[in-house]
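To start, the structure under review is shown below, and the notes come after it.
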Protein chains: 2
Amino acid sequence: MQKRATLADVAAAAGVSVATASKALHNRPRVGAATRERVRRAATQLAYVPNAQAQSLVTGRSSSIGLITSDLGGMFSSPIMIGAEDELGSSSSTVILANARGDAALEKRKLDFLVSRNVDGILVVNDNPNPRIPLDAPIPVVYAYAASVDPADSAVVVDNVHAGRIAAERLLRAGRRHIALVAGEPDFEASRDRLAGSREALEEAGLTFAEEPRFGPWQAEWGRRVARDLLSSGVPFDAVICQSDILAQGCISALISRGVRVPEDVAVIGHDNWGIITRLSAQRLTTVDNNLSEIGARAARRLMDAIDGHPDEGIEAVRGEVVEGETVP
Amino acid sequence: MQKRATLADVAAAAGVSVATASKALHNRPRVGAATRERVRRAATQLAYVPNAQAQSLVTGRSSSIGLITSDLGGMFSSPIMIGAEDELGSSSSTVILANARGDAALEKRKLDFLVSRNVDGILVVNDNPNPRIPLDAPIPVVYAYAASVDPADSAVVVDNVHAGRIAAERLLRAGRRHIALVAGEPDFEASRDRLAGSREALEEAGLTFAEEPRFGPWQAEWGRRVARDLLSSGVPFDAVICQSDILAQGCISALISRGVRVPEDVAVIGHDNWGIITRLSAQRLTTVDNNLSEIGARAARRLMDAIDGHPDEGIEAVRGEVVEGETVP
DNA sequence: CTGTTAGCGCGTTCAA
DNA sequence: TTGAACGCGCTAACAG
């Protein structure tokens, strides 16, 4: 196995000094065209690839960023990470992974570790959408999915009001007028925002919910429960907005087991487009996708900008869109 | 914001040379005890943290490894990554993420990129268990989940024969004697190995399958189909081994919709312990866990050993275990 | 246009 | 036991 060629090797092969070689390869101005070409050929010939450590030692930038996840392998982390990795990779920055497991102390240690490795910035990918305690770092930080509680911190999050709105609008467009809503846990800002968005859409159409929405746990059982209650209450309804796909799954199963046809009798729309549910269930669920990989990508871009000295303050909300399935006509 | 203290700063503060300071902080022999203490205090006082780039520039090692995933966010990648990140993090190695998306060309580029960043080794985390084309890298490589087709390459994988065996044994222990099996896709080594293991266990108990197992797609529908066929065929059976949790899910739904009680009439055991299914379904599934995070951890350890000059050749199979649920009595 | 010089922060000889 | 000197590979002044 050959030792890697260094810039000095390239320079020697091209018959120039290392300084000239460096300039030539970086497209710097003060080099003759012929010389530049010669250096370039020598470089490719020797399969020269610059030593990143040496470069960053002198430039002071490492072209690497730290990715702190609250929960590697969580439900939402992955798509965000994919988007971020993509974006950063295309800027040929390395992504250094750090899993904090939702443990604040561990997060602090991981942060110190990353900083000691001279990362240029930190991307905080949360798996829980609620605003979180800010990270105290000496380098730029951008939050994805969950914002920091300090609204001045840079963050890219889901536009939940819009998500709630388009869920309702989709049902209205299907001609439904008696719409119920299964809400998630009340201490999630996401639940409240989605509800607000849905309510707005209904009000603009001159409607109200078939029954005042109730908050409950993010579990299939809660969806089942609300569906059953709706049926026994006798309140007429022809559509249900469920604030997560799991809730929708439970809701649908309860409806079907009572002989209600979906979507003919009752249309159901979910939230999150959590891929696996689609694959598991017999019927593809119509749902609102949160555009998570876009969130990851934009957060990454913001971070790169901040590192380049152009910080973007504040929270940016990314809009999702309805993914058509078979549960809304 | 203060500039980070360098070794020279520490040395100056302690009134010694950088050489001595370096030795002192590294517990090298040729330093007086008193001097060492003085240097240490100076270091903590200045919050000195070594510059990783500079270190690696001179040592030639970066204390970072590349993690190439075939599918970031795939079904199996995450737990493996968690185990690996944990293990590597405790050796204070950084993990550099690279998502190849199952694209060979992209994988090659990512590999080159990682090598240009002087990673000390590569961990290949596959999401598909079939043996894969080896990576041609100038540094140590260890494969996790899927082995390389070259059996001499270092890999840590699931012991699928054992998994199949303990699934069957669990049903036998529950007193079941008429056991059917829903197999996955035939071109998956995992399907064939699990089947072989299950068959062995039955044969040792002097039994055969209630019906000769059939291979099919890894989808709920296939589980449903086999269950329905079994019921209509009239073959008596009191238990089913499903080679994935999704198959089990389908199987159970078909059984229940025909009025068969699970586990009273028919016990069902799955494979993979794919967390989400447990949470989604009304009944917690009894299943075989593959111990994926252990696979990740061991692969990481192997990689570290290889980097330290103690390569472990060949394939290591990690055993899983049955996770009790409510579908086997 | 090109080459020389001087570090970046650190580990490691080798003298003292 | 200590420290001066060198070099890892590269970029950025400056001088030619």
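In what follows, chains are A, B, ... by sequence order, proteins preceding strands, each numbered from 1. These numbers come from the heavy atoms of this one structure, side chains and all, not from hydrogens, waters or symmetry mates.
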Looking across every strand, which nucleic acid part, if any, lies under 4.0 Å from A:R28 by heavy atom: base, sugar-phosphate, or nothing?
->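 Sugar-phosphate contact only.
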Base, sugar-phosphate alone, or nothing: which one does A:S56 contact when heavy atoms must sit under 4.0 Å apart?
->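 The answer is nothing, as A:S56 stays clear of every strand by at least 4.0 Å.
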Does [X] have any side-chain hydrogen bond (donor to acceptor under 3.5 Å, both in side chains) partners at least two apart in sequence or in another chain, and if so, which?
{"X": "B:D159", "value": "none"}
{"X": "B:R38", "value": "none"}
{"X": "B:D153", "value": "B:S148"}
{"X": "B:Q55", "value": "none"}

Residues in salt bridge (charged side-chain N to carboxylate O under 4.0 Å, His left out) with [X], at least two apart?
{"X": "B:E321", "result": "none"}
{"X": "A:D305", "result": "A:R301"}
{"X": "B:E189", "result": "none"}

Over its full length, what angle do the end axes of the helix from C:dC1-D:dG16 to C:dA16-D:dT1 make, each axis taken from five pairs and the result rounded to 10 degrees?
->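 The angle, to the nearest 10 degrees, is 50°.
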Protein-nucleic acid N or O pairs under 3.5 Å, nucleotides 6-10 of chain C:
from   : atom 1 : to    : atom 2 : distance (Å)
C:dC10 : OP1    : B:Y48 : OH     : 2.7
C:dC10 : OP1    : B:N51 : N      : 3.2
C:dC10 : OP2    : B:L7  : N      : 2.3

Contact boundaries on DNA chain D for chain A, cut-off under 4.0 Å to non-hydrogen atoms =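 Boundary nucleotides touching chain A, in 5' to 3' order, are D:dG9 to D:dA12.
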Sidechain-backbone polar pair: B:D112 side chain, B:R109 backbone, donor-acceptor under 3.5 Å |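 Absent.
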Could you list the residues that satisfy ring-ring contact (aromatic ring centres under 6.0 Å, His included) with A:F188, not counting sequence neighbours?
->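 A:F188 satisfies ring-ring contact (aromatic ring centres under 6.0 Å, His included) with A:W218 only.
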Partners passing ring-ring contact (aromatic ring centres under 6.0 Å, His included) against A:F76 (at least two apart in sequence or in another chain) |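 Listed in chain order: A:Y145.
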